[in-house]
Each structure stands twice: as structure tokens, then as C-alpha cells.
Amino acid sequence: MTDKQEILDRINELAANMDLDLTLSNTSSIEEFLHNVENQQYGEYDKIESLYNELMELSYYDDDEELY
């Protein structure tokens with residue numbers, strides 16, 4: 001399985017490709033990004049959403065750990 005930090009790193013790489021001054025460092029910031037309808041115009045949106053879902057699945061199995 002993929003490490004949570006690795007997923008966050010991949011999400012931020014995608015965010016950097018969008019030329020936005022944006023750092024998605026935790027689930028709250030990723031959720032804000034996903035809930036903003038204007039962000040759906042970016043090609044990276046679907047991949048970020050997919051990675052976010054993967055991150056949430058990992059956190060479901062790691063109840064004892066803090067989510068980033």
C-alpha cells in the first residue's frame with residue numbers, strides 16, 4: 001500500500017502543475033479544493049480527487065494514526 005505522505009506529495013505535485021499558489025497539506029485543504037467548483041476546470045482535478053479518496057481509505061484502516 002501507498003504511504004499517506006507519498007499521496008500528499010503526489011497531490012501537491014499535481015497542484016503545482018496548475019500554476020496556482022496552492023499547497024494542499026492536509027485533508028481539510030484538499031477538501032476545500034475539491035469543493036470549489038471552479039477547480040473542476042483543471043485536468044488534474046480528477047486525479048487529485050482520486051488520490052484524496054485513496055488517502056481517505058488509508059486513514060480508515062489507520063484509525064490509531066492522525067491524518068495529516
Side-chain angles (χ1 to χ4, degrees):
M1 249 187 223
T2 307
D3 172 72
K4 291 179 191 177
Q5 186 59 51
E6 183 180 325
I7 293 172
L8 283 172
D9 292 343
R10 289 170 50 200
I11 288 172
N12 280 297
E13 285 175 21
L14 290 168
N17 291 341
M18 293 184 292
D19 292 330
L20 299 175
D21 187 20
L22 180 66
T23 301
L24 303 171
S25 58
N26 56 42
T27 55
S28 296
S29 61
I30 298 168
E31 288 169 358
E32 283 181 40
F33 172 83
L34 293 173
H35 286 108
N36 185 338
V37 176
E38 292 179 17
N39 292 331
Q40 293 177 5
Q41 69 179 321
Y42 298 106
E44 292 86 355
Y45 179 89
D46 290 335
K47 185 62 179 169
I48 290 174
E49 183 178 36
S50 175
L51 289 167
Y52 170 78
N53 290 333
E54 188 177 335
L55 184 64
M56 295 311 293
E57 284 180 33
L58 285 174
S59 65
Y60 175 78
Y61 294 110
D62 295 338
D63 289 337
D64 297 337
E65 292 184 28
E66 281 286 319
L67 186 57
Y68 295 92

Between atom [atom1] of [X] and atom [atom2] of [Y], what is the distance when rounded to the nearest 0.5 Å?
| X | Y | atom1 | atom2 | result |
| --- | --- | --- | --- | --- |
| Asp9 | Leu24 | CG | CG | 12.0 Å |
| Arg10 | Asp3 | CZ | CG | 11.0 Å |
| Thr27 | Glu32 | OG1 | CD | 10.0 Å |
| Glu54 | Lys4 | CD | NZ | 12.0 Å |

Scan side-chain atoms only and decide if Asn53 and Glu57 contain a donor-acceptor pair under the 3.5 Å cut-off.
->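 There is no such pair (donor and acceptor under 3.5 Å, judged by atom type) between the side chains of Asn53 and Glu57.
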Polar side-chain atom of Ser29 near backbone of Ser25 as donor-acceptor pair, under 3.5 Å |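 At least one qualifying donor-acceptor pair exists.
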So, for Asn17 and Glu44, which heavy atoms are closest and what is the spacing to 0.1 Å?
->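 Looking at all heavy atoms of both residues, the closest pair is CB-OE2, 3.6 Å.
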Yes or no on side-chain contact (heavy atoms from CB on, under 4.5 Å) for Tyr52 and Phe33, after CA distance, side-chain angles and deciding distance?
-> CA-CA 11 Å; Tyr52 170 78; Phe33 172 83; over 6 Å; no
Is the CG atom of Asp21 crowded by more than 12 outside heavy atoms at less than 6.0 Å?
->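 Not more than 12 within 6.0 Å, no.
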Side chain to side chain contact (heavy atoms under 4.5 Å, CB included) partner of Ile7, chosen from Leu55, Asn12, Ile30 =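 By the side chain to side chain contact (heavy atoms under 4.5 Å, CB included) criterion, Ile7 pairs with just one of Leu55, Asn12, Ile30: Leu55.
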Evaluation steps, side-chain contact (heavy atoms from CB on, under 4.5 Å), between Leu51 and Leu14 | CA-CA 10 Å; Leu51 289 167; Leu14 290 168; 3.7 Å; yes
Apply side-chain contact (heavy atoms from CB on, under 4.5 Å) to the pair Met18 and Ile48, showing each step before the final yes or no.
-> CA-CA 11 Å; Met18 293 184 292; Ile48 290 174; 3.9 Å; yes
